[in-house]
Amino acid sequence: MAPRRSIPAGFAALGAGLLVALSLPPWGWWPLALVGFALLDRLLADRSRRSRFARTWLFGVAWLGPGMGWMWYLTAPGYIVATLSYAAYLGAAAALAPGGRWRWLGLPAAITIAEAIRWAFPFGGVPLASLAISQVSGPLAPVVRVGGSLLLTFVTVLAGCLLSAVSERAWRPVAALAVAAVAMVALATIAPSGHQIGTLRIAGVQGGGPQGTRAKDSDPQEVFQRHVDATGGVTDPVDLILWPENVIDVATFAGSSQAAVIADLAARHGAPLIVGITEDDGPDHFTNAQVVVTPDGDITGRFDKVHRVPFGEYMPLRGLLEALGAPTQLVPRDATAGTGPAVLDAAGHRFGVAISWEIFFANRARDATRNGGQVLLNPTNGSSYTGTILQTQQIASSRLRALETGRSVMQVAPTGFTAVITSSGTVLDRTAISETAVVQREVALREGLTIYTRLGDGPVVALMVVLLAIALVVSSPRARSSLARR
């Protein structure tokens with residue numbers, strides 16, 4: 001009989017990472033993430049730290065490469081560097097975690113710490129292609145009410161380790177891991193999620209048009225007119241009309257012809273409009289804001305985007321990159337970061353605001369909710385990107401923010417997707433890409449804070465550090481020797 005040939009470890013690691021990639025939107029087969037991590041765990045068992053790093057790095061490349069493909073449209077070299085670098089974060093986490101059975105505690109904690117760093121560093125981080133996004137449709141998702149997306153990351157990897165322990169027939173660890181996972185999900189089901197205090201009729205306007213267009217290559221007046229025309233599809237009565245991010249591009253909005261048109265629309269529908277504007281802010285900068293225009297024509301509120309897109313809305317290390325010959329002219333001006341709280345008052349209510357990229361960052365939605373936001377608005381753009389990798393992940397992120405904060409989310413984009421999402425993370429309506437549409441719904445107004453909104457990520461990060469330290473100490477040769485002598 002010929003001997004059986006095993007799959008080379010490197011190819012196996014790539015295959016396991018690809019399973020995780022397929023759990024992400026737009027594919028969304030969430031159970032594959034658990035299987036992928038179970039396979040990774042089998043590849044790491046009793047291996048050297050160097051081997052664990054190499055195998056997990058390959059796993060990370062296969063996981064993050066497809067899920068961050070949208071970045072290619074911002075910067076192709078940056079996409080390659082980011083994928084390889086962020087995969088190294090995961091490799092370092094696997095190398096740091098213990099290699100014996102205590103890896104079933106240490107690996108989930110270490111991967112969660114690596115993801116926390118990836119979501120914050122460098123340039124503010126990139127919390128996309130994440131395990132949390134992959135699990136938003138699965139049964140583990142409610143844990144974000146307690147510990148946010150980081151706790152969901154931990155529970156997801158823990159569930160993968162549970163499958164691996166089952167394959168090893170390590171029944172005591174299986175029982176411990178199962179109890180931990182079930183307990184966290186059970187806690188989430190009884191944790192506070194806020195309460196409804198009323199409803200509001202909100203219309204989100206999607207002007208439509210082609211994708212794959214940059215601001216410098218499009219006609220601002222054409223984009224504006226599409227949204228004016230699309231607003232004709234709003235059905236009265238309506239309490240609030242929401243336009244997407246930066247569909248009005250002017251030197252100064254107040255006193256402009258565009259402002260007069262918006263005031264006329266507000267008067268015609270008897271409801272304020274919240275519209276996305278881009279204004280000049282000196283020769284080298286611009287602002288990206290949402291403003292409130294009332295039926296009387298007054299501009300009564302403004303929120304300037306705080307968390308900017310690196311290499312999209314500003315160029316990090318511009319001087320150095322110019323010296324190296326990088327194409328910094330693709331971002332000729334830098335957005336000026338806002339500093340105010342993430343809220344706008346309109347129609348007698350307070351709205352939380354996370355402009356576009358900000359919806360991927362849980363701290364922006366927390367800021368909005370803690371400052372009294374009763375509904376979370378996500379005016380976005382996304383027309384620069386071709387395909388739906390980024391857009392579907394943004395819908396998933398909006399669902400996570402809804403679950404984390406206990407707030408409904410209205411997401412609106414010029415070319416899609418525009419959607420309404422309930423506080424339980426259910427998508428009620430979603431447009432198609434490039435279509436002209438109005439999404440109009442009775443949206444729940446909610447108050448009250450979830451545990452996560454109160455506490456943030458700090459306690460979860462601290463818990464992960466403690467769990468990793470326990471796994472490392474207990475699995476050390478000295479500790480094993482001490483236990484053996486007892």
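No experiment lies behind these values; they were computed from the predicted model shown.
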Enquirer: Does Thr153 reach the side chain of Val155, with side-chain heavy atoms less than 4.5 Å apart?
Expert: no
Enquirer: Which pair of heavy atoms, one from Ala129 and one from Leu64, lies closest together, and at what distance?
Expert: O-CD2, 3.9 Å
Enquirer: Using only heavy-atom distances, determine whether the side chains of Thr418 and Gln411 contain a donor-acceptor pair under 3.5 Å.
Expert: no
Enquirer: Go through the steps for Gln206 and Thr431 under the test side-chain hydrogen bond (donor to acceptor under 3.5 Å, both in side chains), then give the verdict.
Expert: CA-CA 8 Å; Gln206 178 173 306; Thr431 61; 2.7 Å; yes
Enquirer: Do Met410 and Leu242 come within less than 4.5 Å of each other through their side chains, counting heavy atoms only?
Expert: yes
Enquirer: Evaluate the side chain to side chain contact (heavy atoms under 4.5 Å, CB included) criterion for residues Val144 and Leu151: first the C-alpha distance (whole Å), next the side-chain angles of each, then the deciding distance (0.1 Å), finally the verdict.
Expert: CA-CA 7 Å; Val144 299; Leu151 186 61; over 6 Å; no
Enquirer: First locate atom CG of Leu463, then atom CD1 of Ile113, and finally report the distance between them rounded to the nearest 0.5 Å.
Expert: 9.5 Å
Enquirer: Determine whether Leu377 and Ile274 satisfy the following criterion, side chain to side chain contact (heavy atoms under 4.5 Å, CB included), listing intermediate values before the conclusion.
Expert: CA-CA 10 Å; Leu377 306 179; Ile274 297 180; 3.8 Å; yes
Enquirer: Stepwise, does the side-chain hydrogen bond (donor to acceptor under 3.5 Å, both in side chains) test hold for Thr426 with Arg399?
Expert: CA-CA 7 Å; Thr426 301; Arg399 295 176 67 186; over 6 Å; no
Enquirer: Treating Arg407 as the side-chain partner and Arg446 as the backbone partner, does any N or O pair qualify as donor plus acceptor under 3.5 Å?
Expert: yes
Enquirer: Kindly determine whether Trp70 and Tyr73 satisfy ring pair (Phe, Tyr, Trp, His ring centres under 6.0 Å), including the steps that lead there.
Expert: CA-CA 6 Å; Trp70 58 271; Tyr73 298 101; 9.3 Å; no
Enquirer: Do the ring planes of His307 and Phe361 sit parallel (below 30°), tilted (30 to 60°) or perpendicular (above 60°)?
Expert: parallel
Enquirer: Report the C-alpha separation of Ser149 and Glu404 in whole Å, then their side-chain angles, then the decisive distance to 0.1 Å, and conclude whether the side-chain hydrogen bond (donor to acceptor under 3.5 Å, both in side chains) test is met.
Expert: CA-CA 8 Å; Ser149 295; Glu404 286 170 350; 2.9 Å; yes
Enquirer: Hey, could you give me the CG/OG distance between Leu403 and Ser398, rounded to the nearest 0.5 Å?
Expert: 11.0 Å
Enquirer: Roughly how far, to the nearest 0.5 Å, is CG of Leu468 from CG of Leu96?
Expert: 5.0 Å
Enquirer: Could you tell me if Thr415 and Ser383 have a donor-acceptor pair between their side chains, going purely by distance under 3.5 Å?
Expert: no
Enquirer: Return yes if a side-chain donor-acceptor contact under 3.5 Å exists between Gln135 and Thr156, otherwise no.
Expert: no
Enquirer: Tell me, with the steps shown, if Val174 and Leu162 meet side chain to side chain contact (heavy atoms under 4.5 Å, CB included).
Expert: CA-CA 6 Å; Val174 164; Leu162 171 61; 3.6 Å; yes
Enquirer: Assess whether a salt bridge exists between Arg103 and Glu168, defined as any Lys/Arg side-chain N lying under 4.0 Å from an Asp/Glu carboxylate O.
Expert: yes
Enquirer: What's the separation between atom OG1 in Thr189 and atom CE in Met184, rounded to the nearest 0.5 Å?
Expert: 13.0 Å
Enquirer: Does Tyr385 reach the side chain of Gln391, with side-chain heavy atoms less than 4.5 Å apart?
Expert: yes
Enquirer: Do Asp304 and Gln290 have side-chain N/O donor and acceptor atoms under 3.5 Å apart?
Expert: no
Enquirer: Any side-chain heavy-atom pair from Leu43 and Arg52 closer than 4.5 angstrom?
Expert: no
Enquirer: Is the closest side-chain donor-acceptor distance between Thr405 and Arg145 under 3.5 Å?
Expert: no
Enquirer: Is a side-chain donor or acceptor of Asp367 paired with a backbone partner of Asn363 at a separation under 3.5 angstrom?
Expert: no
Enquirer: Of the options Thr386, Leu390, Thr392, which is the one that meets Thr388 in a side-chain contact (heavy atoms from CB on, under 4.5 Å)?
Expert: Thr392
Enquirer: Please check this pair: side chain of Glu245 against backbone of Asn381, looking for a donor-acceptor N/O pair closer than 3.5 Å.
Expert: yes
Enquirer: Scan the side chains in residues 77-88 for donor-acceptor partners under 3.5 Å anywhere in the protein, sequence neighbours excluded, and list what turns up.
Expert:
residue, atom, partner, partner atom, Å
Tyr79, OH, Gly65, O, 2.7
Thr83, OG1, Tyr79, O, 2.9
Ser85, OG, Val81, O, 2.7

Enquirer: Where the side chain of Ser51 meets the backbone of Ser48, is there a donor-acceptor pair that is under 3.5 Å apart?
Expert: no
Enquirer: Side chains of Thr369 and Arg401: do they bring a donor and an acceptor to under 3.5 Å?
Expert: no
Enquirer: Any donor-acceptor pair under 3.5 Å linking the side-chain atoms of Asp281 with those of Thr287?
Expert: no
Enquirer: Using only atom types and a distance under 3.5 Å, with no angle test, would you say the side chain of Thr56 pairs donor to acceptor with the backbone of Phe59?
Expert: no
Enquirer: Provide the full list of side-chain hydrogen bond (donor to acceptor under 3.5 Å, both in side chains) pairs with a residue in residues 449-459, sequence neighbours left out, each pair given once.
Expert: Thr450-Thr453, Tyr452-Asp457
Enquirer: Within the structure provided, determine whether Phe154 and Met464 are in side-chain contact (heavy-atom separation under 4.5 Å).
Expert: yes
Enquirer: Quick one: does any side-chain atom of Arg118 pair with a main-chain N or O of Val126 as donor and acceptor, under 3.5 Å?
Expert: yes
Enquirer: Hey, can you pull the donor-acceptor pairs under 3.5 Å for the side chains in residues 309-327, sequence neighbours left out?
Expert:
residue, atom, partner, partner atom, Å
Glu313, OE1, Lys305, NZ, 3.0
Glu313, OE1, Val309, N, 2.9
Glu313, OE2, Asn288, ND2, 2.9
Glu313, OE2, Lys305, NZ, 2.9
Arg318, NH1, Val331, O, 3.0
Arg318, NH2, Val331, O, 2.7
Arg318, NH2, Asp334, OD1, 2.6

Enquirer: Given Thr380 and Ile359, is the side chain to side chain contact (heavy atoms under 4.5 Å, CB included) satisfied, shown in steps?
Expert: CA-CA 9 Å; Thr380 185; Ile359 201 66; over 6 Å; no
Enquirer: Between Trp104 and Ser164, is there a side-chain heavy-atom distance shorter than 4.5 Å?
Expert: yes
Enquirer: Does some side-chain heavy atom of Trp63 sit less than 4.5 Å from a side-chain heavy atom of Leu18?
Expert: no
Enquirer: Counting C-beta onward and ignoring hydrogens, is there a side-chain heavy-atom pair between Leu90 and Glu115 closer than 4.5 Å?
Expert: yes
Enquirer: Measure the spacing between CD1 of Ile277 and CZ of Phe286 and express it to the nearest 0.5 Å.
Expert: 12.0 Å
Enquirer: Out of curiosity, Leu344 CG to Phe351 CZ, how far, rounded to the nearest 0.5 Å?
Expert: 9.0 Å
Enquirer: If I compare all heavy atoms of Leu39 with all of Leu19, which pair ends up nearest, and what's the gap?
Expert: CD1-CD1, 3.7 Å
